[in-house]
Amino acid sequence: MSDLTLYNTRTRQKEKFQAIDADCVKMYVCGPTVYNYVHIGNARPFVAFDTLYRVLKALFPKVVYARNITDIDDKIMKAAAEQNVAIDEISSKFTEAFIEDMSALNIEQPDIAPRATDTIKEMLDMIEALIAQGHAYVAEGHALFDVKSMPDYGKLSNRALEDMLEGARVEVAPYKKYAGDFVLWKPSQENEPGWDSPWGRGRPGWHLECSAMIAKHLGKSIDIHGGGRDLIFPHHENELAQSQCAHKGEAFVNYWLHNGYVNIDGEKMSKSLGNFKTVRALLEKYRGETLRFTLLSAQYRSDMDFSAESIAQAQASLDSLYGTLRKYADIDVDANIEIGSEPAWLALLDDLNTPLAISELHALAKTLNKAEGDNLALQKAKSKLLRIGSLLGLLQADPEAWFTEAWNARANSEELTTENIEALIAERQQAKLDKNYARADEIREQLKAEGVVLEDAREGTSWKRER
């Protein structure tokens with residue numbers, strides 16, 4: 001079987017993955033800060049690393065995947081104050097919403113989902129170790145990491161110390177030895193959440209939380225740490241610094257993985273532009289699997305454009321694939337089918353090349369359609385299609401239910417939208433290419449029942465509403 005290769009942010013190149021312990025791979029991904037619903041950009045790393053989790057489980061006997069919940073943070077405190085409710089009410093509400101939204105995207109629950117507030121003791125222990133070893137100091141109720149105490153600080157983001165302050169979101173305060181020193185612990189006011197510590201009542205800094213949760217649940221050294229590209233500096237840089245220094249130079253993470261940004265209709269997503277798309281709002285219009293497919297349509301490290309058109313293309317692709325599966329619903333599946341030489345599997349082993357893997361899904365569907373009448377060939381093609389689909393978190397629904405539910409959702413809307421009509425036309429065209437003429441005819445009849453008439457011509461298919 002071919003090797004898994006991953007792009008390591010630390011070395012800036014693709015490397016063959018070699019586990020610290022081949023009997024148990026350990027992976028950690030930064031989870032949400034639970035003060036609001038997650039947006040589609042937040043969801044991208046969870047989809048990407050869920051796919052990697054599936055691939056790792058196919059390669060190794062045991063994988064332990066931890067994805068944290070940050071349930072103590074100034075943003076949560078601000079949201080609670082604005083809504084005049086308790087902080088734990090905010091964090092509990094949005095933790096539950098996050099779990100629901102991720103489930104809708106076919107994201108598996110991680111093996112461990114630690115919460116920051118359950119790890120306070122480990123955070124205090126880590127701070128004390130850093131102070132004892134000369135890597136941290138206390139000033140005015142704050143415990144701070146001394147970045148100049150670490151000779152190679154900045155090695156993850158590849159930044160020189162003097163270039164780091166801009167955009168680092170650091171608090172320049174007179175009690176700091178150096179402006180780039182970052183907070184490990186800070187004092188809390190009487191009306192703010194806090195815990196007792198040797199330095200006074202307070203709460204942890206954001207960076208410290210992940211380091212402590214990793215040490216507690218996965219150990220001092222792990223195989224993979226993932227997150228969005230925006231976390232490389234300062235969050236992951238500071239995680240690396242405090243973890244390595246607290247553990248006397250012991251390696252912290254072997255492979256750092258980061259996904260690219262999500263743009264909305266060609267523009268960076270932001271509240272100021274009014275293009276802020278939450279997963280919860282999108283799920284009111286689209287199926288979770290369609291959103292997952294859209295996110296997987298670009299390789300995880302690249303920036304991607306998320307638009308109505310890309311969602312429509314994803315919907316058409318899924319409809320085409322499910323159409324093929326419905327056509328051969330009576331063919332048995334071999335759950336243990338060998339896929340070691342399949343191009344789709346090799347694509348996933350190549351730093352999660354999901355666009356190529358998806359294109360190979362269509363190739364497998366085409367093979368399935370061409371194998372009509374040969375039951376052994378049908379079984380092999382269908383089994384491979386579903387096996388690769390499962391690694392991508394796709395094609396696990398009942399095909400008949402997929403179309404029934406999808407069409408009912410369209411029919412129950414006030415009006416069949418232009419976007420939905422064009423997605424169905426694209427699916428019909430794919431069905432014709434796949435020689436799935438029954439599905440193509442069914443789409444024509446479905447649209448006709450909604451008052452939409454198709455007109456086929458050499459240059460393509462046009463449509464018009466009769467009512």
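Note that OG1 of T290 is 11.0 Å distant from CG of L282, once rounded to the nearest 0.5 Å. Annotation: the span from I76 atom CD1 to T117 atom OG1 amounts to 9.0 Å, rounded to 0.5 Å. The CZ atom of F182 lies 3.5 Å from the CG atom of N238; values are rounded to the nearest 0.5 Å. How far CD1 of I339 is from CG of L346: 9.0 Å, rounded to the nearest 0.5 Å. In this structure, the separation between CZ on R44 and CG on L295 is 7.0 Å, given to the nearest 0.5 Å. The line from CE of M77 to CZ of R203 is 4.0 Å long, rounded to the nearest 0.5 Å.
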Discussion item. Between L385 and T367, is the side-chain contact (heavy atoms from CB on, under 4.5 Å) condition met? List the steps.
Written reply: CA-CA 10 Å; L385 178 61; T367 299; over 6 Å; no
Discussion item. Show, in sequence, the C-alpha distance, side-chain angles and deciding distance for R301 and D351, and conclude whether the side-chain contact (heavy atoms from CB on, under 4.5 Å) test is met.
Written reply: CA-CA 9 Å; R301 284 192 293 113; D351 196 31; 2.7 Å; yes
Practice prompt. Under the salt bridge (charged side-chain N to carboxylate O under 4.0 Å, His left out) rule, what do D3 and K16 come out as? Steps first, then yes or no, please.
Written response: CA-CA 7 Å; D3 296 319; K16 175 184 173 182; 3.7 Å; yes
Item to complete: Give the intermediate values and the outcome of side-chain contact (heavy atoms from CB on, under 4.5 Å) for residues T5 and L349.
Response: CA-CA 6 Å; T5 60; L349 293 181; over 6 Å; no
Worksheet entry | Test log, rule side-chain contact (heavy atoms from CB on, under 4.5 Å), inputs L105 and D50 | CA-CA 10 Å; L105 298 180; D50 173 73; over 6 Å; no
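When all heavy atoms are compared, the tightest approach of W256 to R10 is CD1-CB, 4.0 Å. Minimum interatomic distance between D265 and S307 (heavy atoms only, all atoms of both residues): OD1-CB, 3.0 Å. The shortest heavy-atom contact between C245 and Q133 is O-OE1, 2.9 Å. Heavy-atom minimum distance, G200 versus S197: O-OG, 2.6 Å. A pairwise comparison of heavy atoms in A246 and A129 identifies O-CB, 4.3 Å as the closest pair. Here the closest heavy-atom approach between residue D398 and residue A401 is recorded as OD2-N, 2.9 Å.
Side-chain contact, E289 with Y322: a donor N or O sits under 3.5 Å from an acceptor N or O. No hydrogens or angles considered: a donor-acceptor pair under 3.5 Å links the side chains of D319 and Q315. Side-chain contact check for E239 and H225: at least one donor-acceptor pair (N or O, by modelled atom type) lies under 3.5 Å. A donor-acceptor pair shorter than 3.5 Å cannot be found between the side chains of D71 and T95. Between the side chains of Q244 and K155, at least one donor N or O lies within less than 3.5 Å of an accepting N or O.
A donor-acceptor pair is defined here as one N or O able to donate and one able to accept, closer than 3.5 Å; no such pair exists between the side chain of Q299 and the backbone of N353. Without hydrogens or angle criteria, E342 side chain to A344 main chain gives no donor-acceptor distance under 3.5 Å. Checked by atom type and distance alone, the side chain of T33 never pairs as donor or acceptor with a backbone atom of T70 at under 3.5 Å. No donor-acceptor distance shorter than 3.5 angstrom exists from the side chain of N106 to the backbone of L394, with no hydrogens or angles considered. Remark: the backbone N or O of G266 is paired with a side-chain donor or acceptor of D305 at under 3.5 angstrom. A donor-acceptor distance shorter than 3.5 angstrom exists from the side chain of Y255 to the backbone of Q18, with no hydrogens or angles considered. In this structure, T354 contributes its side chain and A357 its backbone to no donor-acceptor pair below 3.5 Å. Judged by distance alone, the side chain of T119 and the main-chain N or O of M213 form no donor-acceptor pair under 3.5 Å. Although no hydrogens or angles enter the test, the distance criterion places a donor-acceptor pair under 3.5 Å between the side chain of Y137 and the main chain of K177. Proximity of a side-chain donor or acceptor of E360 to a complementary backbone N or O of P343 within less than 3.5 Å is not detected.
A 4.5 Å side-chain heavy-atom check between Y7 and L257 finds every atom pair outside the cut-off. Contact annotation: the side chain of F94 never approaches that of P32 to less than 4.5 Å [non-hydrogen atoms, C-beta and beyond]. In this structure, the side chains of I72 and E209 come closer than 4.5 Å at one or more pairs of heavy atoms. For the pair D303 and R229, the minimum side-chain heavy-atom distance is below 4.5 Å. Considering only heavy atoms from C-beta on, H236 comes within 4.5 Å of C30 through its side chain. Between T294 and I40 there is no side-chain heavy-atom pair separated by less than 4.5 Å. A 4.5 Å side-chain heavy-atom check between L240 and Y153 finds every atom pair outside the cut-off. Residues F233 and L156 form no side-chain contact, since every pair of their non-hydrogen atoms from C-beta on lies 4.5 Å or further apart.
The existence of a salt bridge linking K57 and E108 is confirmed by a sub-4.0 Å separation between a basic side-chain nitrogen and an acidic carboxylate oxygen. A salt bridge links K121 with D125: the distance from a Lys NZ or Arg NE/NH1/NH2 to an Asp or Glu carboxylate oxygen falls below 4.0 Å.
Applying the side chain to side chain donor-acceptor pair (under 3.5 Å) test to residues at least two apart or on different chains, the pairs with a partner in residues 19-28 are Y28-N68. Every pair passing ring pair (Phe, Tyr, Trp, His ring centres under 6.0 Å) that includes a residue from residues 42-81 is listed here, sequence neighbours excluded: F17-F60, F46-F98, Y53-Y65.
Residues satisfying the ring-ring contact (aromatic ring centres under 6.0 Å, His included) criterion with Y286, sequence neighbours excluded, are absent altogether.
Within 6.0 Å of the CZ atom in R201, the count of heavy atoms belonging to other residues, nucleotides or ligands exceeds 12. Atom CD of E96 sits in a sparse spot, with 12 or fewer heavy atoms from other residues, nucleotides or ligands closer than 6.0 Å.
Cation-pi check for R287 over W402 is met; the charged atom lies under 6.0 angstrom from the ring centroid and within 45 degrees of its normal. Under a cutoff of 6.0 Å and an axis angle of 45°, K277 and F306 do not form a cation-pi pair.
Under the side-chain hydrogen bond (donor to acceptor under 3.5 Å, both in side chains) rule, S211 has a single partner from K216, E122, Q242, which is Q242.
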